[in-house]
Amino acid sequence: MTRILITGSLGQIGTELTQQLRSKYGKENVIASDIRKNDGDDGPYHILNVLDKEGFSSLIKEQEIDWLIHNASVLSATGEKNPHLAMDVNIRGFENAIELARLNNLRILTPSSIAAFGPSTPQENTPDFTTMRPTTIYGVSKVYLELLGEYYNHKWGVDFRSLRYPGIISSEAPPGGGTTDYAIAIFHDALKQMRYTSFLNADATLPMMYMPDCLKGTIQLLEAEEEKLTQRTYNIAGISFNPAELASSIKKHLPDFEISYEPDYRQEIAGTWPKSLDDSNARRDWNWLPDFDLDKLVTDMLENLSNTLEITYK
Ligand code: SER
């Protein structure tokens, strides 16, 4: 049986990815890890600081790991508040992960992001291969990890894979410091107080994706036969929308919902990212196809979140 280690397992994506992989590969074969204590108790978990290379190495060896999903990362908005922390976790942490993948012959999947693009990138239908001059430290770290992973692949044959995620929307774990997180906060505030103040402009269109699609795409690329991969880093797209369009879709369920706009420094970050992605290579190479459009996402998100928050809205 394949043995999988996930770093950043308590993060927004890690939380749900761990559960999904455990139901597929068996609880005991999916080792979760993160920097803090885990209060949940549903499978093997280890505290791991990805900057502690010795500890990282021992965990891989002791647990006889085959695949490493390296999710530990500081997101865009937090990164701009603390660039040196982002450099440590995102750059040095990844260097440890990819080197340990080489030494232990692991398949390694590490997410990249729409943040890897920048203001000089074409913003509509952005392809996989284009100008990449990001202006955030988060984006810089993602371009670096894509290139270093690809270098390890052609130099030493390391089976490195990466996805450029759009903004991910989910109801289970709270998001942590991203620019796209307005699209999660809006649901919490809509259910709790029927109004939301957006830190992005009404027309700030960004590529977005619902968590079930994110999990589906991640597992598809993780499991894809290596011969099928014609490149190591792929765009994946779900839907593109802006705060005004998201608010209109929410209003179909909550007619009294109101949105207002007070853009802050995160608007500047969002303005440098693509509005939509061309993911035709992922569709061609490993059959990527998203399931959720905007209205379907909103219906499902309101349903799930209202259950979690114990709020009745219908
Ligand atoms: N969701 C991320 C962020 O906003 C983008 O990858 O930082």
Side-chain angles (χ1 to χ4, degrees), residues 7-8 10-17 69-83 85-87 89-91 93-94 109-119 121 123 126 128 132 134-146 149 162-188 198-201 204-211 213-215 217-218 221 233-243 246 263-277 279 282 290 297 301:
T7 68
L10 299 179
Q12 187 200 359
I13 296 172
T15 302
E16 295 196 40
L17 186 59
I69 302 175
H70 180 59
N71 270 10
S73 179
V74 172
L75 291 186
S76 60
T78 311
E80 288 317 292
K81 296 232 177 259
N82 195 345
L85 175 69
M87 284 188 243
V89 176
N90 300 10
I91 296 177
F94 179 70
L109 185 144
T110 304
S112 184
S113 159
I114 51 170
F117 300 112
T121 304
Q123 284 196 318
T126 307
D128 280 319
M132 304 193 73
T135 49
T136 61
I137 190 61
Y138 177 68
V140 170
S141 73
K142 291 298 184 189
V143 173
Y144 175 67
L145 84 78
E146 289 183 10
S162 187
L163 292 158
R164 293 196 190 110
Y165 288 137
I168 306 296
I169 299 171
S170 66
S171 57
E172 196 151 321
T179 299
T180 55
D181 292 349
Y182 91 84
I184 301 172
I186 193 173
F187 286 96
H188 286 259
S198 171
F199 56 76
L200 297 188
N201 286 334
T205 300
L206 289 169
M208 294 281 183
M209 180 176 285
Y210 196 35
M211 184 61 94
D213 278 335
C214 169
L215 298 176
T218 304
L221 177 60
T233 303
Y234 290 88
N235 286 349
I236 53 166
I239 25 182
S240 283
F241 56 79
N242 61 39
L246 179 54
D264 64 16
Y265 72 101
R266 289 167 284 191
Q267 173 57 42
E268 247 172 77
I269 298 177
T272 70
W273 291 351
K275 295 184 188 303
S276 59
L277 299 177
D279 61 1
L297 176 159
M301 188 69 186

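Just so you know, ligand 1 is whichever comes first in the structure, and atom 1 is the first atom listed for that ligand. Heavy-atom basis, side chains included; hydrogens, waters and symmetry copies ignored.
With rounding to the nearest 0.5 angstrom, the CG atom of Leu200 is 11.0 Å from the CG atom of Leu246.
Put simply, the side chain of Cys214 reaches to within 4.5 Å of the side chain of Met209, judged on heavy atoms.
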Intermediate values then yes/no, side-chain hydrogen bond (donor to acceptor under 3.5 Å, both in side chains), Ser112 and Glu146: CA-CA 7 Å; Ser112 184; Glu146 289 183 10; 2.6 Å; yes
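With Ser162 contributing its side chain and Thr110 its backbone, the two residues share a donor-acceptor pair below 3.5 Å.
If you look at Ser76 next to ligand 1, the close heavy atoms, those under 4.0 Å, come from the backbone and the side chain alike.
Between His70 and Phe94, the two ring planes are tilted [angle within 30° to 60°].
Close N/O approach between Trp273 and ligand 1 is not found [any backbone or side-chain N/O within under 3.5 Å]. Inclusion of Ser113 in the set of residues having an N or O under 3.5 Å from an N or O of ligand 1 is warranted. Backbone and side-chain nitrogen or oxygen atoms of Tyr138 are examined, and one is located within less than 3.5 angstrom of a nitrogen or oxygen of ligand 1.
Looking at atom 1 (N) of ligand 1, its nearest protein heavy atom turns out to be Thr180 OG1, 2.8 Å.
The Thr179 neighbourhood of ligand 1 comprises atoms 3 (C), 4 (O), 7 (O), with distances under 4.0 Å to a heavy atom of that residue. Each of the following atoms of ligand 1 lies closer than 4.0 Å to a heavy atom of Leu75: 7 (O).
Between Asp128 and Arg164 there is a salt bridge, since a side-chain N of the basic residue sits under 4.0 Å from a carboxylate O of the acidic one.
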